[in-house]
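To start, the structure itself, in structure tokens.
Bear in mind that the values here come from a model prediction, so they are computed numbers and not experimental data. Letters go in sequence order (proteins before strands), and every chain restarts at 1.
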Protein chains: 2
Amino acid sequence: MRRQDLGATLTPVPGERDLGLVDALAQLSFAIQAVLGRIAARHELSIVQARLLGILRDRRPTIKELAGFLQLDKSSVTGLVDRAQERGLVTRVASPVDGRSVQVAITATGRRLVSRATTDFATEIGALVADLGSPQQDQLSLLASAVVAADARRRGVELFDRCVDTSPI
Amino acid sequence: MRRQDLGATLTPVPGERDLGLVDALAQLSFAIQAVLGRIAARHELSIVQARLLGILRDRRPTIKELAGFLQLDKSSVTGLVDRAQERGLVTRVASPVDGRSVQVAITATGRRLVSRATTDFATEIGALVADLGSPQQDQLSLLASAVVAADARRRGVELFDRCVDTSPI
DNA sequence: TATTGTTATACTCTATAACTATA
DNA sequence: TATAGTTATAGAGTATAACAATA
């Protein structure tokens with residue numbers, strides 16, 4: 001954990017106006033979603049499809065679990081998985097413990113696709129925050145992680161990590 | 001500009017894992033979008049409708065300008081404005097300088113609606129980041145503002161501030 | 001010719017409600 | 001009865017392509 005200049009910390013881009021927390025976070029989320037949407041489209045995926053594949057890279061959640069994490073109705077997840085399955089990106093596996101339940105698993109094709117997409121994600125998000133110095137990027141990462149972790153805890157869902165990350169499996 | 005503890009700065013929530021910049025920002029954007037979507041729905045708006053009204057609070061952009069800022073195709077903006085206009089939230093005004101162009105303006109009804117929604121936004125975004133200390137919240141605001149400002153500059157669009165903010169006009 | 005905006009079309013995404021199958 | 005998931009339906013949101021009007 002490196003020491004760093006506090007002034008730089010508090011004024012990441014000198015002369016830049018602070019939009020206020022609400023506006024800044026809202027607009028940041030739009031900027032990130034725009035990047036995600038653009039990259040996903042490049043791989044013929046929607047944001048949600050890409051997110052689904054990212055989650056499935058090392059998990060086999062049920063429809064209900066996916067609905068909880070994605071904050072979607074279960075019927076929406078059914079459709080989402082349907083479309084991904086038609087493209088051969090995921091499969092449904094019968095649950096060994098509950099006859100009502102299915103597990104959603106990624107296919108080799110889906111895995112290849114999401115791997116390519118996540119590489120691009122990382123590049124473009126890097127470009128989005130390129131104006132920040134490295135220490136500020138680290139801080140942003142920590143602050144965002146803390147907010148996300150607290151939110152997952154409050155919502156009572158597992159915090160699926162490495163959903164958009166590029167680290168090798 | 002207050003002095004503050006650097007340790008706290010670099011470890012916003014002790015014991016919390018850093019998801020990495022890409023994953024953290026992506027998931028933060030999903031969390032924020034979920035909040036925005038929930039609050040917007042409470043006022044019978046979509047996120048994009050709410051965003052449109054937020055932009056229009058003190059501007060009268062053209063369809064083309066809206067498309068640039070919202071990163072949507074112009075035909076999508078036509079539909080967006082159509083639906084808002086049908087509900088009496090916005091109006092189209094002929095441009096005084098270009099016969100091809102229209103200016104989109106918010107109505108009194110739209111203004112009342114967006115004012116109520118933005119109040120709720122601020123409350124819920126505050127709840128989302130409540131686990132951060134006040135200095136960390138300020139840092140997050142600055143970092144997010146810097147990223148958003150740099151992105152707007154690169155995209156060559158005006159940085160519309162106060163789109164989701166609650167400050168009185 | 002180029003630009004601004006609309007229309008026609010088709011698709012994804014989403015929720016609600018009703019349904020089936022299993023617990 | 002309750003739960004997991006699907007289906008039917010309807011609507012918002014989106015892009016592409018073709019179009020009309022104006023510059």
Side-chain angles (χ1 to χ4, degrees), chain A residues 30 33-53 55 60-87 89-105 113 157, chain B residues 30 33-53 55 60-87 89-105 156-157:
Chain A
F30 292 132
Q33 293 281 308
V35 169
L36 294 179
R38 182 158 41 85
I39 305 304
R42 186 183 299 171
H43 297 274
E44 296 186 288
L45 292 170
S46 70
I47 290 182
V48 186
Q49 293 283 353
R51 202 178 171 198
L52 171 68
L53 296 183
I55 291 172
R60 280 166 73 167
T62 64
I63 297 285
K64 179 189 165 74
E65 285 167 347
L66 284 171
F69 187 72
L70 296 172
Q71 306 201 48
L72 296 174
D73 188 86
K74 55 187 180 174
S75 67
S76 301
V77 177
T78 292
L80 187 68
V81 172
D82 281 348
R83 291 186 292 273
Q85 192 164 13
E86 280 161 22
R87 291 179 57 185
L89 305 176
V90 308
T91 57
R92 284 175 166 90
V93 182
S95 167
V97 295
D98 188 333
R100 300 167 299 180
S101 199
V102 299
Q103 295 177 338
V104 183
L113 183 55
V157 300
Chain B
F30 292 131
Q33 294 281 308
V35 169
L36 294 179
R38 183 158 40 84
I39 305 306
R42 186 183 299 170
H43 297 274
E44 296 185 289
L45 292 170
S46 70
I47 290 181
V48 185
Q49 293 283 352
R51 202 179 171 198
L52 171 67
L53 296 183
I55 291 172
R60 281 166 71 166
T62 64
I63 297 285
K64 178 189 167 74
E65 285 167 347
L66 284 171
F69 187 72
L70 296 171
Q71 306 200 47
L72 296 174
D73 188 86
K74 56 189 179 172
S75 67
S76 302
V77 177
T78 292
L80 186 69
V81 171
D82 281 349
R83 291 185 292 274
Q85 191 165 13
E86 279 161 22
R87 290 178 56 185
L89 304 176
V90 308
T91 57
R92 282 176 166 90
V93 182
S95 166
V97 295
D98 188 334
R100 298 169 300 180
S101 200
V102 299
Q103 293 177 339
V104 183
V157 299

Q. Is the distance from OP1 or OP2 of C/dT6 to the nearest side-chain N or O of B/R92 less than 4.0 Å?
A. yes

(Q) So A/K64, base contact, sugar-phosphate only, or nothing? Heavy-atom distance under 4.0 Å. (A) sugar-phosphate

**Q.** Which residue lies more 5' along DNA chain C, comparing A/G99 with A/L80 via nearest heavy atoms
**A.** A/L80

Q.
Whole angstroms only, please: what is the CG-P distance between A/L52 and C/dT12?
A. 15 Å

Q.
Taking only side-chain N and O atoms of A/S95, does any of them lie within less than 4.0 angstrom of OP1 or OP2 on D/dA4?
A. no

**Q.** Whole angstrom value for the distance that separates P of C/dT22 from CZ of A/R100
**A.** 11 Å

Q. So, is B/S101 close to the D/dT22 phosphate, meaning a side-chain N or O under 4.0 Å from OP1 or OP2?
A. no

Q. If you check the B/L72 side chain, which of D/dG5, D/dT14, D/dT22 turns out closest?
A. D/dT14

Q. Taking CD1 from B/I63 and P from C/dT7, how many angstroms apart are they, rounded to a whole number?
A. 11 Å

Q: Give the nucleotide from the list D/dA4, C/dT14, D/dG5 with an atom nearest to the side chain of A/T62.
A: D/dG5

Q | Length of the line joining A/L66:CG and C/dT14:P, which is rounded to integer Å | A | 12 Å

(Q) If I take atom CD1 in residue A/I47 and atom P in nucleotide D/dA15, what distance separates them, rounded to the nearest angstrom? (A) 11 Å

Q: Take atom CD of A/E44 and atom P of D/dA15, then tell me their distance rounded to the nearest Å.
A: 16 Å

Q: Could you check if a side-chain atom of B/R100 sits within less than 4.5 angstrom of a side-chain atom of B/S95, using non-hydrogen atoms only?
A: no

Q) If you take all heavy atoms of A/A84 and A/Q49, which pair is closest and at what distance? A) CB-OE1, 3.5 Å

Q. Is A/L80 close to A/L66 at the side-chain level, that is, under 4.5 Å between some pair of heavy atoms?
A. no

Q.
From CD of B/Q103 over to P of C/dG5, roughly how many Å is that when rounded to an integer?
A. 10 Å

Q) Counting side-chain heavy atoms from C-beta on, which of D/dT14, D/dT6, C/dT7 comes nearest to B/S75? A) C/dT7

Q. Rounded to whole angstrom units, what separation is found between the NE2 atom of B/H43 and the C1' atom of D/dA12?
A. 19 Å

Q: Could you check whether B/S76 gets within reach of a base, just the sugar-phosphate, or nothing at all, counting any heavy atom under 4.0 Å?
A: base

Q) How is A/V77 classified with respect to the nucleic acid when contacts are heavy atoms under 4.0 Å: base, sugar-phosphate, or nothing? A) nothing

Q. Tell me, do B/D98 and B/T62 make a side-chain contact under 4.5 Å, heavy atoms counted?
A. no

Q.
Do A/V104 and A/V77 make a side-chain contact, defined as non-hydrogen atoms from C-beta onward lying under 4.5 Å apart?
A. no

